[in-house]
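The next block holds one structure in the form of structure tokens; read it before the comments.
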Amino acid sequence: MEFLKYNSSKEKKVLFAIFIPWAIFLLLINLIVTQDGGQNATSRFLSLRAMSEEATFTIDKRIGASVDWAKTPDGHYYSNKAPGPMLYGFPVFFVLDHASKFFLGTNLDENGHRPYPGYFLKTTSSLLIQLVPFLVLSFFISLWMLKNNFTISAVNFFLSTAFIGNTVSFYFNNFSGHAIAAFFVLGICFSYLKRNFFWFSFCAGSALLCDYGFGMQIPAFLFLSLIFFRNVKGVKKNFLHFLLGGVIPGVLWIWYHVLAFGSPFSIANHHQNPVFLDKANEQIQIWGLFSLPSKEVFIELLFGPSRGILYTQAWLLVLIPFFFFLPKKSDGKNLGWFCFLSFLGLLIMNASFGGWHGGMGVGPRYMSAIFPSFSLLGAFVIINFPRIISYFIWLTAIPSFIFRGLAYSSTILVAVTPLWDFYLWELRKPSMTGELRIFLFFFLLLVSIFTQYKLLRSTYSQDGVVNKHEGSV
């Protein structure tokens with residue numbers, strides 16, 4: 001099928017034909033089957049409830065609901081998570097929390113507090129705080145790609161692997177923080193492509209505020225920043241915008257960490273629950289949490305069946321060699337270096353961490369913030385290589401879609417065990433719930449693909465041909 005030459009009106013028609021089926025599919029699967037997120041999400045909701053009810057960050061009288069806490073020398077308890085998801089998500093949670101009083105009542109516990117947030121409040125706030133912004137950002141990235149003559153195949157690769165082909169896709173409807181961190185990291189990439197220094201800096205500061213692990217991506221960010229400044233005019237003006245972009249996350253960082261831990265240089269990891277200090281007895285260790293990287297963990301994170309990238313999103317590993325051959329000094333090559341250096345930093349961090357497996361999780365979740373950015377990199381690879389390479393990359397993405405559908409049948413809280421074996425074993429249970437969920441997932445996926453195809457055919461028949469790029473829907 002030949003492509004349209006994208007003028008502004010046709011861009012919008014093609015964009016909606018591609019994007020809307022994917023967006024509806026993602027919304028439906030996250031609404032129909034919800035996930036709790038376990039202790040991780042609970043810790044954040046305890047902070048949000050304390051912020052909403054008592055205007056405090058302390059969770060002193062609420063820690064019984066989660067072991068994910070940090071205790072300061074003065075005896076107060078806080079969430080052991082980076083504060084960004086709570087700070088940015090608070091306005092949404094506050095409105096929903098107080099609105100819910102009208103139809104859920106105001107039952108109080110023995111301490112005079114409202115109980116832990118229920119299903120409706122957790123799910124709705126998670127979707128509004130994480131999934132909706134991710135969809136909006138993906139929409140504008142898709143529009144940018146169409147305006148810059150990316151093939152429909154490339155746009156579809158970005159959307160499909162970002163939405164259901166990587167570890168972050170499991171965390172849109174629960175408040176584990178990975179989705180919002182990935183949103184801001186992807187925002188860094190898009191801000192670079194749009195040449196917007198304010199949002200470039202804002203997204204980087206917000207990524208660190210939302211995930212302490214972004215600290216291991218700072219070298220990659222500095223690398224991309226140097227390229228950014230080198231390739232634009234008006235350095236003084238752009239540097240001012242760069243500084244202004246970091247003000248909001250910077251102020252929030254200082255405010256939270258000073259109130260909670262006494263210093264902007266003191267983070268939750270310094271006050272971690274002792275049960276998580278796996279490395280406290282190591283000769284070389286940091287905070288009792290990190291030691292020298294483990295070779296065995298390296299291998300498991302890359303190729304192992306319980307958390308490995310090869311088993312959960314093999315397409316990502318396949319992309320890495322190809323990006324080295326992208327045109328020099330191109331946006332795709334520069335983003336490739338950002339993704340690759342981020343990947344290495346997060347891999348080293350994860351392999352050094354005592355709880356490298358992430359407890360109960362699906363895939364290498366501590367590395368997952370960079371994964372949707374690899375989806376964008378994949379689009380650049382697809383448009384710069386022969387069609388046979390595009391087919392090969394698509395082929396390596398298919399197992400990740402199957403895995404997402406298989407995991408849809410059960411829970412995302414999985415112990416350190418081979419993931420494919422776990423989900424296949426879950427299907428052997430006498431209940432038909434798992435089979436029904438899998439059928440629903442793939443049925444909705446096929447409907448969205450067919451709907452997109454019909455919409456594109458309709459657009460083509462109305463507006464005619466032709467784009468200079470070739471590809472396939």
Classify the ring geometry between [X] and [Y] as parallel (under 30°), tilted (30 to 60°) or perpendicular (over 60°).
X      : Y      : result
Phe229 : Phe197 : tilted
Phe242 : Phe221 : parallel
Phe175 : Phe45  : tilted
Tyr408 : Phe441 : tilted
His76  : Tyr78  : perpendicular
Phe200 : Phe228 : perpendicular
Phe190 : Trp144 : perpendicular
Phe403 : Phe170 : perpendicular

Who are the side chain to side chain contact (heavy atoms under 4.5 Å, CB included) partners of [X], not counting sequence neighbours?
X      : value
Gln39  : Ser66, Val67, Asp68
Asn173 : Asn30, Thr34, Gln35, Leu127
Pro219 : none
Phe265 : Ser263

Problem - Nearest atoms (heavy-atom pairs only) where Ser375 meets Thr161 - result: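 Answer, listing the atom of Ser375 first, then Thr161: OG-OG1, 2.8 Å.
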Atom [atom1] in [X], atom [atom2] in [Y]: separation rounded to 0.5 Å?
X      : Y      : atom1 : atom2 : value
Ile267 : Asn80  : CD1   : CG    : 11.0 Å
Arg230 : Asn334 : CZ    : CG    : 7.5 Å
Ser410 : Tyr423 : OG    : OH    : 6.0 Å
Leu26  : Ile164 : CG    : CD1   : 8.5 Å
Thr42  : Ile59  : OG1   : CD1   : 10.5 Å
Leu46  : Lys81  : CG    : NZ    : 11.0 Å

Please find out if less than 6.0 Å separates the ring center of [X] from that of [Y].
X      : Y      : answer
Phe442 : Phe401 : no
Phe172 : Phe183 : no
Phe290 : Phe353 : yes

Is there a side-chain contact between [X] and [Y] in this structure, where contact means two heavy atoms from C-beta onward sitting under 4.5 Å apart?
X      : Y      : result
Cys210 : Phe184 : yes
Leu159 : Ser138 : yes
Ser390 : Ser153 : yes
Leu346 : Ile370 : yes
Asn273 : Lys71  : no
Leu377 : Trp337 : no
Phe158 : Ile141 : yes
Phe298 : Pro293 : yes

Distance only, no hydrogens: is a donor on one side chain within 3.5 Å (strictly under) of an acceptor on the other, for [X] and [Y]?
X      : Y      : answer
Ser294 : Glu296 : yes
Tyr212 : Asn269 : no
Trp394 : Asn156 : no

Is [X] reaching over with its side chain to a backbone N or O of [Y], donor-acceptor style, under 3.5 angstrom?
X      : Y      : value
His257 : Ile254 : no
Asn350 : Trp356 : yes
Ser206 : Phe202 : yes
Arg404 : Asn166 : no
Arg365 : His178 : no
Asp211 : Ala207 : no
Trp199 : Ile188 : no
Thr58  : Asp60  : no
Ser201 : Gly246 : yes

Could you pull out all residues at least two apart from [X] that satisfy side chain to side chain donor-acceptor pair (under 3.5 Å)?
X      : result
Ser368 : none
Thr396 : none
Ser409 : none

Practice task
Please say whether more than 12 non-hydrogen atoms of neighbouring residues, nucleotides or ligands are located less than 6.0 Å from CZ in Phe140.
Solution key: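 Open.
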Handout entry: Ile248 atom CD1: more than 12 heavy-atom contacts under 6.0 Å
Key =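 It does not: Ile248 CD1 has 12 such atoms or fewer within range.
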Please list all pairs meeting side-chain hydrogen bond (donor to acceptor under 3.5 Å, both in side chains) that have one or both residues in [range], counting only residues at least two apart or in different chains.
range            : result
residues 306-319 : Thr167-Gln313, Glu300-Ser306
residues 435-445 : none
residues 120-136 : Asp36-Lys122

Exercise for the section: If a pair satisfies salt bridge (Lys or Arg N to Asp or Glu O under 4.0 Å) and one of its residues is in residues 324-346, list it, with sequence neighbours excluded. Expected result: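 Every pair satisfying salt bridge (Lys or Arg N to Asp or Glu O under 4.0 Å) with a residue in residues 324-346: Arg195-Asp331.
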Handout entry: Listed partners of Glu426 passing salt bridge (Lys or Arg N to Asp or Glu O under 4.0 Å), at least two apart
Key =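 Partners of Glu426 under the salt bridge (Lys or Arg N to Asp or Glu O under 4.0 Å) test: Lys429.
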Exercise for the section: Could you check Leu376 against Leu193 for side-chain contact (heavy atoms from CB on, under 4.5 Å), going step by step and ending with a plain yes or no? Expected result: CA-CA 11 Å; Leu376 181 55; Leu193 295 175; 3.9 Å; yes
Handout entry: Of Trp255, Phe261, Tyr77, the residue whose pairing with Phe57 passes ring-ring contact (aromatic ring centres under 6.0 Å, His included)
Key =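 Among Trp255, Phe261, Tyr77, the one meeting ring-ring contact (aromatic ring centres under 6.0 Å, His included) with Phe57 is Trp255.
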Handout entry: Residue of the set Val185, Leu186, Ile309 for which side-chain contact (heavy atoms from CB on, under 4.5 Å) holds with Phe371
Key =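 Filter result, single survivor: Ile309.
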